[in-house]
K.L.:
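One structure coming up, written as structure tokens, with questions to follow.
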Amino acid sequence: MTESTTAGPATRTTRDLAKAATSGWLGTAMEFMDFQLYSLAAAIVFNELFFPDVSPALGLIAAMATYGVGYVARLAGAIYFGRMGDRIGRKRVLYLTILLMGASTTLIGALPTFAQIGILAPILLVVLRLIQGFGAGAEIAGATVMLVEYAPVRRRGLIASLVSLGTNSGTLAASALWAFLLAALSEEQLLSWGWRIPFLLSFVLMVFAVWLRRSLKESPVFEERPDVVDGRALSRTEVESGSVLEEGLRQRKGKAFFLALGLRFGQAGNSGLVQTFLVGYIASTLLVDRSVPTDAIVYGSLLGFATVPVVGLLGDRFGRRPMYVALSVLTVVLAFPLMLMITSGSTVALVLGMVLALNIGVLGLFSLESVTMAELFGARTRFTQLALTKEIGGILATAIGPVVAATLTAVTGSWWPIAAMLVAYSVITLGATVLSPETRGRDLVQLEDAA
């Protein structure tokens, strides 16, 4: 087949950019609201509702395990939808992922409990969690790719950070809902019907997100790709032998993927520990009122609305690598002092410790991750590689981490494994940063990876 290119640069108006930004923010907010709703429910009530016949420690481990299985489905979704997004465009995939996430989350709110149908209850919970994960596997990667490919070069870090604000918005909404329920309802009301409310409310957000994405224009970078003809990427067999395009497809993949995976570890691992495991650990092991850690996540998420764009701006100003180094080193240095604060017995120290851990070790790194990982990959496989990197990192760190932490803290009877895991995750990211090239300002239409 004869090689063909686009007639000229794809243009987008400020209104198009605003719509893409809103769509990316809203979809990511929905993804993280769904997952935070589930993770908080797993930490607070699911052990009693779906695993009532085991000890509190084993119930927490089982609930964390159901939280983790969603990440296996996310990997399958990343492969399936990532390849689709690189082949036929970002827009169509983002429409499908939002539907899957919203429907499965709503249905979780309608599930019967163990007391009503026995062992079938946790089985159905896992099934819906798998469907939810399959849709979510490419949502944040697709939203990230779309925003990065829409953004002006000099403000790419700031605009891409809106994806991180979406995660923060979702986390805040879910945490605020749970904080309200814990404050307003009795234990009996919460366990009988109150826990269902947040899941059922996600249906409203899904309807609005689907409506918005129907009118979203395709990524300009996708349309400008030299291997895209009539809205579809050419296969290798359709590319002329010996052409410039074929030369661009010959690059051996792998190095950029593993560097991005290392960058992902710090944020993903820290997120699973701070936003999921610590909430359950503080309530069930430290015996602190369960509203305290959920309130801390709310306060940390509110502060994140300043942290995320500031980190994005600094990344545009000074580069991605210096900011990664600063945040990773800071997390390593503060890991043990922050855990001392959280376990000190002081409510003020506990809340402050969680707020700082969330903003430095999770949200700050996420702001950088949104743009840096997308810039590392070439245009032809950006969606697939970004989705796989995020989900494999999620499985290895976010999903497995809380289960490992629950096991280690139960065995040792101490909090120090949590701090050690924060250090380990951050050191991996620091090492990847040292080995990575600076990606700020890279031409995203290039088909080759940056490394």
Side-chain angles (χ1 to χ4, degrees), residues 28-29 31-33 35-36 39-40 43 67 71 140 144 160-175 262-282 293-312 314-315 323-335 337-339 341-342 350-373 390 393-394 396-402 405 418-419 421-430 432-433:
T28 309
E31 175 191 350
F32 272 73
M33 187 180 82
F35 266 61
Q36 184 70 359
S39 65
L40 288 173
Y67 166 77
Y71 283 88
I140 191 169
T144 300
S161 74
L162 291 175
V163 173
S164 303
L165 283 183
T167 68
N168 197 40
S169 300
T171 300
L172 176 61
S175 300
L263 295 177
R264 170 77 167 142
F265 247 79
Q267 185 277 328
N270 296 345
S271 175
L273 292 175
V274 175
Q275 294 177 265
T276 301
F277 176 73
L278 272 179
V279 174
Y281 179 80
I282 290 168
T294 54
D295 287 344
I297 296 295
V298 171
Y299 300 146
S301 298
L302 286 171
L303 180 59
F305 283 100
T307 300
V308 166
V310 167
V311 171
L314 291 174
M323 293 303 299
Y324 257 116
V325 169
L327 290 173
S328 297
V329 169
L330 198 56
T331 304
V332 169
V333 171
L334 293 179
L338 288 177
M339 282 306 304
M341 293 173 63
I342 291 169
L350 186 156
V351 171
L352 181 58
M354 289 194 70
V355 167
L356 290 174
L358 179 62
N359 278 267
I360 296 170
V362 180
L363 297 179
L365 287 175
F366 210 161
S367 180
L368 289 172
E369 178 183 301
S370 297
V371 65
T372 309
M373 288 169 57
K390 283 185 172 292
L396 295 177
T398 314
I400 296 177
I418 306 171
M421 290 176 70
L422 288 171
V423 170
Y425 287 139
S426 301
V427 166
I428 291 172
T429 289
L430 182 60
T433 301

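Here, residue 1 is the first one in the sequence, and each next residue gets the next number. Both backbone and side-chain heavy atoms feed into the values below; hydrogens, waters and symmetry mates do not.
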K.L.:
Counting N and O atoms only, with roles assigned by atom type, does the side chain of Thr429 sit under 3.5 Å from a partner on the main chain of Gly266, one being a donor and the other an acceptor?
P.N.:
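Yes, Thr429 side chain to Gly266 backbone: donor-acceptor pair under 3.5 Å.
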K.L.:
Could you tell me the separation between the CZ atom of Phe277 and the OG1 atom of Thr398, rounded to the nearest 0.5 Å?
P.N.:
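OG1 of Thr398 is found 14.5 Å from CZ of Phe277.
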K.L.:
CZ of Arg264 to CD1 of Ile428: how many Å apart, nearest 0.5 Å?
P.N.:
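Here the rounded value is 13.0 Å.
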K.L.:
Would you call Leu365 and Tyr425 a side-chain contact if the rule is heavy atoms closer than 4.5 Å?
P.N.:
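Counting from C-beta outward, Leu365 and Tyr425 never come under 4.5 Å.
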K.L.:
Just how far is it from atom OG1 of Thr294 to atom CD1 of Ile297, taken to the nearest 0.5 Å?
P.N.:
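Output value for this atom pair is 8.5 Å.
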K.L.:
Should Val332 and Leu430 count as side-chain neighbours, where that means a heavy-atom distance under 4.5 Å?
P.N.:
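Heavy-atom side-chain distance check fails, nothing below 4.5 Å.
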K.L.:
Taking all heavy atoms of Gly315 and all of Leu368, pick out the closest pair and write down the distance.
P.N.:
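For Gly315 versus Leu368, the nearest heavy atoms are CA-CD2, 4.5 Å.
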K.L.:
Can you name the closest pair of heavy atoms from Gly353 and Met341 and give their distance?
P.N.:
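Looking at all heavy atoms of both residues, the closest pair is N-CE, 3.8 Å.
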K.L.:
Tell me the closest heavy-atom pair linking Ala160 and Ser370, and the distance in Å.
P.N.:
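Here Ala160 and Ser370 meet closest at O-CB, 3.4 Å.
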K.L.:
Quick one, Leu303 and Tyr299 - any side-chain contact, counting heavy atoms below 4.5 Å?
P.N.:
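The answer is no; the side chains never approach within 4.5 Å.
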K.L.:
Walk me through it: do Leu278 and Met339 pass the test side chain to side chain contact (heavy atoms under 4.5 Å, CB included)?
P.N.:
CA-CA 10 Å; Leu278 272 179; Met339 282 306 304; 4.1 Å; yes
K.L.:
Would Lys390 and Thr144 count as a side chain to side chain contact (heavy atoms under 4.5 Å, CB included) if you check the C-alpha gap in whole Å, the side-chain angles of each, and the deciding distance to 0.1 Å?
P.N.:
CA-CA 11 Å; Lys390 283 185 172 292; Thr144 300; 4.2 Å; yes
K.L.:
Sub-3.5 Å donor-acceptor pair from the side chain of Ser271 to the main-chain atoms of Gln267, do we have one?
P.N.:
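No; zero donor-acceptor contacts below 3.5 Å.
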K.L.:
With the side chain counted from C-beta on, respond yes when Met354 and Leu350 share a heavy-atom pair under 4.5 Å apart, and no when they do not.
P.N.:
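Met354 reaches Leu350 side chain to side chain.
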K.L.:
Between Thr331 and Ser426, which heavy-atom pair has the shortest distance, and what is it?
P.N.:
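Heavy atoms of Thr331 and Ser426 come nearest at CG2-OG, 3.1 Å.
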K.L.:
Quick one: does Asn270's side chain have a donor or acceptor within less than 3.5 Å of a partner on Ala357's backbone?
P.N.:
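The answer is no, because no donor-acceptor pair under 3.5 Å joins these two groups.
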K.L.:
Can you give me the closest heavy-atom contact between Ala397 and Pro402, atom names plus distance?
P.N.:
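Where Ala397 meets Pro402 most closely, the heavy atoms are O-CD, 4.1 Å.
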K.L.:
Could you go through the side chain to side chain contact (heavy atoms under 4.5 Å, CB included) check for Leu422 and Leu273 one step at a time?
P.N.:
CA-CA 8 Å; Leu422 288 171; Leu273 292 175; 3.8 Å; yes
K.L.:
Enter the distance from Ser328:OG to Met323:CE here, rounded to the nearest 0.5 Å.
P.N.:
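Those atoms lie 10.5 Å apart.
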K.L.:
If you measure from OG1 on Thr307 to CG on Leu363, what distance do you get to the nearest 0.5 Å?
P.N.:
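These two atoms lie 6.5 Å from each other.
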K.L.:
If I take atom CD1 from residue Ile342 and atom CG from residue Leu352, how far apart are they, to the nearest 0.5 angstrom?
P.N.:
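Reported value, rounded in 0.5 Å steps: 9.5 Å.
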K.L.:
Side-chain contact, heavy-atom cut-off 4.5 Å: Leu327 with Val311?
P.N.:
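In short, these two side chains touch, coming nearer than 4.5 Å.
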K.L.:
Let's go through Ser301 and Leu358 carefully: what are the C-alpha distance in whole Å and the side-chain angles of both, what is the deciding distance for side chain to side chain contact (heavy atoms under 4.5 Å, CB included) to 0.1 Å, and is it a yes or a no?
P.N.:
CA-CA 8 Å; Ser301 298; Leu358 179 62; 4.1 Å; yes
K.L.:
Locate the shortest heavy-atom distance separating Ala268 from Gly393; write the atom from each residue and the value.
P.N.:
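What the structure gives for the nearest pair is CB-O, 4.0 Å.
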K.L.:
Verify whether one side chain among Ser164 and Ser367 offers a donor that lies under 3.5 Å from an acceptor in the other.
P.N.:
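No, no side-chain donor-acceptor contact under 3.5 Å.
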